[in-house]
Number of protein chains: 2
Amino acid sequence: MITKVRRSPNTTIKDIARESGVSYSTVSRVINNFEHIKPETRERVMDAMTRLGYVANQHARSLVGGRSQVIGLLIHAFDSSYIGQIIQGIDEAVAEAHYDLMLYTTHRRKIRESSFVVSLARGLADGLLLVLPRDIEAYLDTLGQQGFPFVLIDYAATSSDVPSVNAANQQGAYDATLYLAKIGHRRIGFITGDMVADSAQERLMGYKQALAGSGIAFEAELVFQGDFYQSKGFEGANSLLSLDNPPTAIFASNDMIAFGVYEAVRNRGLRTPEDVSVVGFDDIPQAAQVHPSLTTVRQPLQEMGRIATQMLLRWIEEDLDEPLGYTQLATELIVRDSACSPVDSVFYRSRSAMPSSDERR
Amino acid sequence: MITKVRRSPNTTIKDIARESGVSYSTVSRVINNFEHIKPETRERVMDAMTRLGYVANQHARSLVGGRSQVIGLLIHAFDSSYIGQIIQGIDEAVAEAHYDLMLYTTHRRKIRESSFVVSLARGLADGLLLVLPRDIEAYLDTLGQQGFPFVLIDYAATSSDVPSVNAANQQGAYDATLYLAKIGHRRIGFITGDMVADSAQERLMGYKQALAGSGIAFEAELVFQGDFYQSKGFEGANSLLSLDNPPTAIFASNDMIAFGVYEAVRNRGLRTPEDVSVVGFDDIPQAAQVHPSLTTVRQPLQEMGRIATQMLLRWIEEDLDEPLGYTQLATELIVRDSACSPVDSVFYRSRSAMPSSDERR
DNA sequence: CTGAAAGCGCTAACAG
DNA sequence: CTGTTAGCGCTTTCAG
């Protein structure tokens with residue numbers, strides 16, 4: 001049955017003041033851990049609180065000028081597990097600090113975006129985390145001018161004024177490409193991400209750089225413009241493999257694209273890695289679960305979320321005199337079973353049919 | 001540079017009262033759309049509001065007894081896109097109603113769960129949405145007794161006391177299995193989900209029921225216990241296909257499992273659907289993007305989120321006299337390319353290599 | 001060490 | 001139609 005008590009008269013600071021025979025300002029002091037309080041008084045108050053099941057009213061607290069203990073999270077949408085991983089990191093850090101998380105999706109309402117940021121600034125949250133924001137310029141000013149704490153995630157800050165956290169995309173792409181070159185590939189295809197994203201640009205740079213470093217000439221026909229989704233990976237691989245002189249390896253700008261490549265390869269009766277080596281980027285959980293397990297560049301997504309949150313909290317809680325700057329996290333090449341030497345392929349023996357050992361993180 | 005203005009003196013109701021030459025209660029009335037207000041006064045006030053860029057302080061509002069305009073969302077974790085789809089639906093409904101969304105993850109802190117629900121009840125949110133809660137019993141009472149509005153998503157309510165929304169899991173599984181039987185399969189394998197979830201149980205029921213309805217004897221050896229993850233699908237398919245008399249079709253309890261089946265089939269040098277037909281459940285976006293595109297049972301995930309939210313809002317905003325009950329949404333069999341008649345297989349011609357037309361929703 | 005008192009910004013009677 | 005007046009629950013001076 002549904003009780004109709006719209007908000008049962010919660011126990012307030014006053015109740016526990018009465019209960020423990022002190023004034024309610026003393027109770028407040030106890031709650032906020034003030035120094036000069038007689039231990040026994042504190043004891044008595046604490047006791048009453050647990051006895052009456054007191055829970056502070058967050059709204060009253062925020063009203064009187066303090067923090068709301070909430071941080072806002074602005075994301076584009078819940079594509080893939082990429083975002084999920086980041087949120088996990090954020091969630092941990094947020095919980096640790098006893099803050100709460102407010103979720104905002106910009107999903108198909110571009111227009112509202114900047115306006116809501118303003119309203120956010122006025123009360124609901126103490127700070128804002130923006131994951132891979134599309135047109136940040138739109139509200140970066142608003143945010144900055146108001147001195148409202150915020151941190152960007154997975155955005156390549158052009159000026160160090162902008163507090164942000166991202167991965168070493170270029171280095172990661174460089175490592176992956178170099179790896180392919182080292183094991184003997186000379187024709188290495190590349191499928192880009194959505195080029196409006198900085199990370200996509202940086203990965204392309206890394207690819208080119210590694211090519212140059214390996215004395216391999218860059219060939220435009222080996223680069224296919226993708227969008228970070230699986231179907232474009234499929235399309236791209238088909239296109240690349242149809243070339244007169246097709247690549248022996250394909251480096252995909254993220255794991256989803258790599259899965260699309262897998263499909264195209266199979267679809268043409270070829271095999272990974274014997275006929276076409278594949279390397280991805282991100283290392284989403286699925287990467288270790290597919291067959292062959294995917295060699296990929298691990299991006300410390302969770303840690304990015306975590307660190308960004310910690311930066312934000314520092315900004316919120318301390319009175320900083322200087323900008324937070326930006327943090328770049330290292331990537332790591334995770335070698336699994338989807339790439340091998342082109343010369344090896346003849347001798348390639350099918351690996352174990354079971355998922356590889358690191359299948360679950 | 002970082003401005004240190006900790007919360008710039010926001011324009012309040014008083015400022016705009018002064019500005020427009022009325023008392024601040026009149027301003028409040030305008031804001032809250034009261035009836036008896038002289039049009040020109042309203043105009044004047046509205047004008048001042050836009051001019052000064054007024055934004056109501058939500059905390060003050062909630063404090064005085066009203067709503068917080070926030071609803072809480074409790075989820076287990078950000079697995080797969082299943083949860084993402086649901087959240088999208090929730091997000092839409094929430095935005096429409098001008099509420100905000102507070103996110104809670106129970107991820108590896110089982111213990112805290114019930115305690116935080118209580119604290120939630122005391123202020124931060126007006127209602128709670130719980131997606132596929134694990135041990136609900138723990139706090140269902142707390143919630144119910146406090147008359148705190150909540151709605152369960154993807155939970156098979158045993159009593160209609162519990163407001164909830166879920167899909168017709170059994171019917172969906174029945175349809176899928178029947179479809180396979182209809183196109184000629186007699187040995188149909190089944191890989192279950194995590195059996196602690198109601199949906200997993202219901203899907204198994206539907207499978208059995210369809211078998212019975214088609215005059216096919218149920219065989220325990222054709223059922224493999226999975227957990228909704230891809231790797232168990234792989235394992236399960238390997239196990240089923242190793243039987244002396246292997247199934248000609250496999251019905252997977254969700255799409256991720258189906259992808260695992262795909263892999264196992266390929267890994268054994270077999271093909272989908274020529275050698276093994278596969279049907280999934282959920283219809284996550286990827287289902288249309290893989291090759292062959294996956295025949296699956298569409299669960300209206302987004303709509304579930306949407307409807308649950310609407311139910312919750314009704315509970316919050318109207319003073320209901322009776323429980324909301326539970327809503328069950330229909331599923332739909334989406335026929336794509338991963339299943340065919342076993343007799344067809346000989347004549348099977350490879351389909352178009354391009355993603356099927358409905359690849360993007 | 002602790003109490004009294006003044007608001008934070010807003011809504012909701014209660015009087016005009 | 002509109003102004004006055006209480007608070008909502010809590011933090012924070014300011015006095016003891």
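All values derive from a computational prediction rather than experimental measurement. Naming: A, B, ... by sequence-line order, numbering from 1 per chain.
In this structure, B/Ile16 CD1 and B/Ile31 CD1 are separated by 6.0 Å, a value rounded to the nearest 0.5 Å. With rounding to the nearest 0.5 angstrom, the CD1 atom of A/Ile86 is 9.0 Å from the CG atom of A/Leu73.
B/Arg306 meets the side-chain hydrogen bond (donor to acceptor under 3.5 Å, both in side chains) test with B/Glu92, B/Glu96; sequence neighbours excluded.
Salt bridge present: B/Arg18 and B/Asp15 bring a charged side-chain N and a carboxylate O closer than 4.0 Å.
Where the helix from C/dC1-D/dG16 to C/dG16-D/dC1 starts and where it ends, the local axes point in directions that differ by 40°; five pairs per end, rounded to 10°.
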Check step by step if side-chain contact (heavy atoms from CB on, under 4.5 Å) holds for B/Thr41 and B/Arg29.
CA-CA 11 Å; B/Thr41 310; B/Arg29 287 188 187 101; over 6 Å; no

Stepwise side-chain contact (heavy atoms from CB on, under 4.5 Å) test for A/Leu329 and A/Thr327
CA-CA 6 Å; A/Leu329 266 38; A/Thr327 306; 3.5 Å; yes

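Atom C1' of nucleotide D/dC10 and atom CD of A/Gln58 are separated by 10 Å, given to the nearest angstrom. Straight-line distance from the CZ atom of A/Arg44 to the C1' atom of C/dT2: 11 Å, rounded to whole Å. If you measure from atom CD1 of B/Ile31 to atom P of C/dG9, you get 13 Å, rounded to the nearest angstrom. For the pair A/Ile37 CD1 and D/dT12 C1', the interatomic distance rounds to 14 Å; values are reported in whole Å. When rounded to the nearest whole Å, the span between CG of B/Leu63 and C1' of C/dG7 equals 12 Å. Between the P atom of C/dC8 and the CG atom of B/Asn57 lies a distance of 12 Å, rounded to the nearest Å. The CD1-P distance, from A/Ile16 to C/dG3, rounds to 12 Å in whole Å. Computed from coordinates, the B/Arg18 CZ to D/dG3 P distance equals 15 Å when rounded to whole Å.
Side chain to side chain, B/Tyr99 and B/Glu317 meet the donor-acceptor criterion of an N or O pair below 3.5 Å.
Put simply, B/Thr41 has a side-chain N or O that comes within less than 4.0 Å of OP1 or OP2 on D/dT2. A/Thr12 has no side-chain polar atom (N or O) that falls below the 4.0 Å cut-off from OP1 or OP2 of D/dC8. Here A/Arg61 reaches the OP1 or OP2 of D/dT11: one of its side-chain N or O atoms lies under 4.0 Å away. For A/Asn32, a side-chain nitrogen or oxygen approaches OP1 or OP2 of D/dT11 to under 4.0 Å.
Closest non-hydrogen pair, A/Leu124 versus A/Val70, comes out as O-CB, 3.5 Å.
Within the 3.5 Å criterion, the main-chain N or O of A/Ile71 finds no donor-acceptor partner in the side chain of A/Asp126.
DNA chain D is contacted by A/Tyr24, A/Ser25, A/Ser28, A/Arg29 of residues 21-29 of chain A, taking any non-hydrogen atom closer than 4.0 Å.
Toward the 5′ end of DNA chain D lies the nearest nucleotide of A/Lys14, the other residue of the pair A/Lys14 and A/Phe34 mapping further downstream.
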